[in-house]
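See structure below.
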Amino acid sequence: MRLDDHMMADRPGDDDGQTDLLTKTKPKTKRPPLYKVMLLNDDFTPMEFVVHVLERFFGLNHAQAFEIMLTVHKKGLAVVGVFSHEIAETKVAQVMDFARRHQHPLQCTMEKEE
Ligand code: TYC
């Protein structure tokens, strides 16, 4: 019986006369967690500004951007994309900085996906 990193098992033709034992362990390559990036509604940021943000930083076309902006406006918030931790942080920072420079109170946050 030969051993490797992840299992001890008899293979076909492994005629060593030993009982077949299966002692498998999960290969421990975990996919990194993903993060939802969300926009929050407010009463002051112009709709066109939010649409522009969604086009500029999230690569949405005008129709997609308008639809998500309306969802945020009506529901209070919406997920605008799902990214790795580093990309999500960058998106949040870009949106918050852009909004601040234009003196709009638009808020963008991130949250780990369950
Ligand atoms: N509620 C804003 C308005 O009526 C529009 C708006 C939409 C603001 C989405 C923020 O994330 C937002 N001008």
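Counting starts at 1 for both ligands and their atoms, following the listed order. Residues: numbered from 1 along the sequence shown.
Atoms of ligand 1 found under 4.0 Å from any heavy atom of Leu106 (numbered from 1 in listed order, with element): 10 (C), 11 (O), 12 (C). Less than 4.0 angstrom separates some heavy atom of Thr45 from each of these atoms of ligand 1: 2 (C), 3 (C), 5 (C), 6 (C), 8 (C), 13 (N). Of all atoms in ligand 1, numbered sequentially from 1 with element shown, those under 4.0 Å from a heavy atom of Leu40 are 10 (C), 11 (O), 12 (C).
Among all protein heavy atoms, the one lying closest to atom 2 (C) of ligand 1 is Asp42 O, 3.2 Å. The protein heavy-atom contact nearest to atom 4 (O) of ligand 1 is His73 CE1, 3.1 Å. For atom 9 (C) of ligand 1, the closest heavy atom belonging to the protein is Val72 CG1, 3.5 Å.
Under the 3.5 Å distance criterion, the side-chain polar atoms of Thr45 are left unmatched by any main-chain donor or acceptor of Asn41. Counting only distance, with no hydrogens or angles, the side chain of Gln64 and the backbone of Asn61 share a donor-acceptor pair below 3.5 Å. Not one N or O on the side chain of Lys36 forms a donor-acceptor pair closer than 3.5 Å with the backbone of Lys112.
For ligand 1, the polar-atom distance check against Asn41 finds a nitrogen or oxygen pair separated by under 3.5 Å.
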Exercise for the section: Would you sort out whether Phe98 and His52 count as a ring-ring contact (aromatic ring centres under 6.0 Å, His included), showing the intermediate values? Expected result: CA-CA 11 Å; Phe98 192 64; His52 179 71; 5.7 Å; yes
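Close placement of the His102 and Phe49 rings is indicated, their centers lying within 6.0 Å of each other.
In Glu67, the CD atom is not crowded: 12 or fewer heavy atoms of neighbouring residues, nucleotides or ligands sit closer than 6.0 Å.
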